[in-house]
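Below: one structure, written as structure tokens.
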Amino acid sequence: MRTLDVTMALVVGGLFATGVYLMLQRSLMRTLLGFILLGHGTNLLLLVSGGTPGDPPVVPEGESGDSGRFADPLPQAMALTAIVITFGVTTFLLALAYRSWRLAGHDEVRDDIEDRRIGTVGERADAEPAALPSGEADWPDSDWPETGGRDSGGREPGGDGGRR
């Protein structure tokens with residue numbers, strides 16, 4: 001392994017690590033910078049995977065077609081595609097950050113109260129419920145909580161829908 005390969009591997013790893021760290025922050029500008037660093041790391045990774053730099057992509061007319069001497073054009077095409085995608089998503093994230101700044105005066109992403117409420121319900125559901133004596137329900141059939149004695153379909157607990 002050559003020194004250039006080790007150096008590029010460390011640079012790509014550093015760009016990915018820093019990009020992921022920044023994307024996990026609450027500030028939209030840091031998220032944007034993290035995404036840009038991930039894009040640059042991806043471009044470098046694709047270009048390094050293309051092989052030795054400087055090989056001719058096309059064979060001159062007088063030389064033989066030795067396929068071992070040519071640069072692989074696929075990583076270069078993938079890098080160009082990644083550049084275009086990164087540019088488009090960066091523009092979108094920049095517009096979101098600007099809109100957040102104009103509406104709230106800051107670019108910090110707040111906790112979603114509904115997500116927090118659902119998370120606490122999930123935590124309560126994961127906890128082991130207390131064992132009830134056999135044959136005993138949590139509440140009487142005629143006194144269902146929050147439904148006025150009816151289930152979600154508007155039916156009485158007897159199952160006949162209140163028709164007798």
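Sequence positions, counted from 1, serve as the residue numbers for this chain.
Not a single salt bridge (Lys or Arg N to Asp or Glu O under 4.0 Å) links Arg102 to another residue, sequence neighbours left out. The salt bridge (Lys or Arg N to Asp or Glu O under 4.0 Å) check on Arg99 picks up nothing, with sequence neighbours excluded. For Thr81, there are no side chain to side chain donor-acceptor pair (under 3.5 Å) partners at least two apart in sequence or on another chain.
Residue Leu33 holds its CG atom at 11.0 Å from CE of Met23, rounded to the nearest 0.5 Å. The line from CG of Leu15 to NE2 of His40 is 8.0 Å long, rounded to the nearest 0.5 Å.
Smallest separation of non-hydrogen atoms from Met8 and Val48: CE-CG2, 3.6 Å. Shortest non-hydrogen contact noted between Val12 and Leu45 is CG2-N, 3.9 Å.
Put simply, Leu38 and Met29 are part of the same group of oily side chains (I, L, V, M, F, W, Y) that touch within less than 4.5 Å, one to the next. Hydrophobic clustering (ILVMFWY, side-chain heavy atoms < 4.5 Å, transitive): Ile36 and Tyr21 are in one cluster. At a threshold of 4.5 Å between side-chain heavy atoms, the hydrophobic network of Ile, Leu, Val, Met, Phe, Trp and Tyr places Ile85 and Ile83 in two separate groups. Cluster annotation: Leu22 is not connected to Trp101 through the hydrophobic network of ILVMFWY side chains, with a link wherever side-chain heavy atoms come within less than 4.5 Å. Linking Ile, Leu, Val, Met, Phe, Trp and Tyr whenever their side-chain heavy atoms come within less than 4.5 Å leaves Leu47 and Leu74 in two separate clusters.
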Between Leu93 and Leu28, does a side chain to side chain contact (heavy atoms under 4.5 Å, CB included) hold up when you go through it step by step?
CA-CA 8 Å; Leu93 287 175; Leu28 289 177; over 6 Å; no
Evaluate Tyr98 against Asp107 for side chain to side chain contact (heavy atoms under 4.5 Å, CB included), listing each step before the verdict.
CA-CA 8 Å; Tyr98 177 73; Asp107 68 341; over 6 Å; no
What do the steps show when you test Phe87 against Thr91 for side chain to side chain contact (heavy atoms under 4.5 Å, CB included), and what is the final call?
CA-CA 6 Å; Phe87 180 73; Thr91 305; 4.0 Å; yes
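At distances below 3.5 Å, at least one donor-acceptor pair connects side-chain atoms of Ser100 with backbone N or O atoms of His106.
Within a 6.0 Å sphere centred on CD1 of Ile113, heavy atoms belonging to other residues, nucleotides or ligands number 12 at most.
A side chain to side chain contact (heavy atoms under 4.5 Å, CB included) with Asp112 is found for one member of Glu114, Arg116, Arg110 and no other, namely Glu114.
Side-chain contact between Phe16 and Thr42 is present, with heavy atoms from C-beta onward closer than 4.5 Å.
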